[in-house]
Amino acid sequence: MQTETEDIEGDLAKYLETLEGLGGIDIFFLGLGPEAEAASHLCYIKPDSGADHGDIAGIIPISSSILEHHIGKFKVGGSAVSPEDEAECRKATHILTLGPAAILGAKRVVQSIVDASTATGKPASFKRMIETEISTEPEIAAKQCDENPGLWVRLHNNIRSLILPDVLTV
């Protein structure tokens, strides 16, 4: 999606219509981010954001922790980050993200869970995501997913998780 636009909401709607017109998402690649109290985030869907199963996409404020995390990742990964590039990134105020409906509607989800050495809360977040018993009561399950968005992937019936061994240390 082209994000340099005067009408971000309108262009996001057009992008989602295009996705739908092409038959939806074939493969949704995502990760798992650690949050406080061993919760997790997916696609920038943070705990207690209010995202629910019907939300296909959103425009959310970018937090300073996400901004610093990604700028740091680019640098550690060996990308040449010029002062101009970094300054442009720091001007970002919002992130476009796909929501739970996009995740659940994908034909297949591939989750990569890595970087426990730099995201030290990830093993505990992964453990909580795997060990949480998701309620069969829809209202309770929705509350659980809002409190710990990593649980959304557990509701998909065609997921492949690729997990580095250091994530399994807890």
Enquirer: With sequence neighbours left out, write down each residue that passes salt bridge (charged side-chain N to carboxylate O under 4.0 Å, His left out) with D48, or none if nothing qualifies.
Expert: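 With sequence neighbours excluded, D48 shows a salt bridge (charged side-chain N to carboxylate O under 4.0 Å, His left out) to no residue whatsoever.
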
Enquirer: Indicate, with yes or no, if V110 and L19 share a hydrophobic cluster defined by side-chain heavy-atom contacts under 4.5 Å among Ile, Leu, Val, Met, Phe, Trp and Tyr.
Expert: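 Unlinked, L19 and V110 end up in two clusters.
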
Enquirer: For Y44, what residues pass the ring pair (Phe, Tyr, Trp, His ring centres under 6.0 Å) criterion, not counting sequence neighbours?
Expert: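 With neighbours one apart ignored, the set is H70.
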
Enquirer: Mind checking the CG-OG spacing from D85 to S82? Nearest 0.5 Å is all I need.
Expert: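 The distance works out to 3.0 Å.
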
Enquirer: Can you tell me how far CD1 of I60 sits from SG of C43, rounded to the nearest 0.5 angstrom?
Expert: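 If I round to the nearest 0.5 Å, the distance is 9.5 Å.
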
Enquirer: Just by distance, do the side chain of K122 and the backbone of V114 share a donor-acceptor pair under 3.5 Å?
Expert: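 A pair under 3.5 Å: yes.
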
Enquirer: For the CD1 atom of I59 and the CG atom of L96, what is their distance to the nearest 0.5 Å?
Expert: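 One finds 5.5 Å between CD1 of I59 and CG of L96.
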
Enquirer: For residues 53-66, pull every pair meeting salt bridge (Lys or Arg N to Asp or Glu O under 4.0 Å), keeping only residues two or more places apart or in separate chains.
Expert: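 Passing the test, one end in residues 53-66: no pairs.
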
Enquirer: Taking the side chain as C-beta and beyond, is there a heavy-atom pair between D166 and P123 under 4.5 Å?
Expert: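 With C-beta onward as the side chain, the pair stays apart.
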
Enquirer: So, do P100 and L155 sit near enough that their side-chain heavy atoms are less than 4.5 Å apart?
Expert: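 No; the side chains remain at least 4.5 Å from each other.
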
Enquirer: Considering non-hydrogen atoms only, spot the tightest contact between D146 and G50 and give its length.
Expert: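 Minimum heavy-atom contact is OD1-N, 2.7 Å.
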
Enquirer: Could I get the full list of side-chain hydrogen bond (donor to acceptor under 3.5 Å, both in side chains) partners for T136, not counting sequence neighbours?
Expert: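 Checked T136 against side-chain hydrogen bond (donor to acceptor under 3.5 Å, both in side chains); zero matches.
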
Enquirer: Is the shortest heavy-atom distance from the side chain of Q111 to the side chain of L162 under 4.5 Å?
Expert: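 They are not in side-chain contact.
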
Enquirer: Excluding sequence neighbours, so at least two apart, what forms side-chain hydrogen bond (donor to acceptor under 3.5 Å, both in side chains) with S125?
Expert: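 Per chain and number, S125 pairs via side-chain hydrogen bond (donor to acceptor under 3.5 Å, both in side chains) with no residue.
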
Enquirer: Kindly compute the distance separating CD (E84) from SG (C89), expressed to the nearest 0.5 Å.
Expert: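 Going from CD on E84 over to SG on C89, the span is 12.0 Å.
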
Enquirer: To the closest 0.5 Å, what do you measure between CZ (R108) and CD1 (I159)?
Expert: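 One finds 9.0 Å between CZ of R108 and CD1 of I159.
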
Enquirer: Identify, with sequence neighbours excluded, every residue that meets side-chain hydrogen bond (donor to acceptor under 3.5 Å, both in side chains) alongside E86.
Expert: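 Result, side-chain hydrogen bond (donor to acceptor under 3.5 Å, both in side chains) vs E86: K75, R90.
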
Enquirer: Checking D26 now: which residues fulfil salt bridge (charged side-chain N to carboxylate O under 4.0 Å, His left out) with it, not counting sequence neighbours?
Expert: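 D26 satisfies salt bridge (charged side-chain N to carboxylate O under 4.0 Å, His left out) with K107 only.
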
Enquirer: Can you name the side chain to side chain contact (heavy atoms under 4.5 Å, CB included) partners of A57, sequence neighbours left out?
Expert: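 Scan of A57 (side chain to side chain contact (heavy atoms under 4.5 Å, CB included), adjacent residues dropped) gives L12, L16, L98.
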
Enquirer: Hey, what do you get for CG (L104) to CZ (F28), rounding to the nearest 0.5 Å?
Expert: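 So the gap between those two atoms works out to 9.5 Å.
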
Enquirer: Has the side chain of R128 got a donor or acceptor atom that lies under 3.5 Å from a matching backbone atom of S40?
Expert: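 The answer is no, because no donor-acceptor pair under 3.5 Å joins these two groups.
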
Enquirer: Has T132 got a side-chain atom pairing as donor or acceptor with M129's backbone, closer than 3.5 angstrom?
Expert: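 Flag not set: sc T132 to bb M129 has no pair under 3.5 Å.
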
Enquirer: Tell me the closest heavy-atom pair linking I163 and V167, and the distance in Å.
Expert: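 Smallest interatomic distance, heavy atoms only, reads CG2-CB, 3.8 Å.
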
Enquirer: Do F29 and V109 share a hydrophobic cluster (ILVMFWY, side-chain heavy atoms under 4.5 Å, transitive)?
Expert: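 No, no single cluster joins them.
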
Enquirer: Report the residues that fulfil side-chain hydrogen bond (donor to acceptor under 3.5 Å, both in side chains) with D52, sequence neighbours left out, ordered by chain and then residue number.
Expert: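 side-chain hydrogen bond (donor to acceptor under 3.5 Å, both in side chains) list for D52, sorted by chain: empty.
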
Enquirer: Would you mind listing every ring-ring contact (aromatic ring centres under 6.0 Å, His included) that reaches into residues 113-162, with sequence neighbours excluded?
Expert: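 ring-ring contact (aromatic ring centres under 6.0 Å, His included) check on residues 113-162 returns no pairs.
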
Enquirer: Name all pairs fulfilling the salt bridge (Lys or Arg N to Asp or Glu O under 4.0 Å) condition that reach into residues 131-144, sequence neighbours left out, sorted by first residue then second.
Expert: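 Listed once each, the pairs are K143-E147.
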
Enquirer: Decide whether V153 and L168 are clustered together by the hydrophobic rule: side chain heavy atoms of Ile, Leu, Val, Met, Phe, Trp, Tyr closer than 4.5 Å, transitively.
Expert: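 Hydrophobic grouping puts V153 with L168.
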
Enquirer: Are I134 and I45 grouped together when hydrophobic residues (ILVMFWY) are joined by side-chain heavy atoms under 4.5 angstrom apart?
Expert: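 Yes, it is one cluster - the side chains of I134 and I45 are joined through contacts under 4.5 Å.
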
Enquirer: Please report, to 0.1 Å, the donor-acceptor pairs under 3.5 Å made by any side chain of residues 31-39, with sequence neighbours excluded.
Expert:
residue: E35; atom: OE1; partner: K46; partner atom: NZ; Å: 3.4
residue: E35; atom: OE2; partner: H41; partner atom: ND1; Å: 2.6
residue: E35; atom: OE2; partner: K46; partner atom: NZ; Å: 2.8

Enquirer: Are I130 and L151 connected in a single hydrophobic cluster, I mean Ile/Leu/Val/Met/Phe/Trp/Tyr linked by side-chain heavy atoms less than 4.5 Å apart?
Expert: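 Looking at the clustering, I130 is in the same group as L151.
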
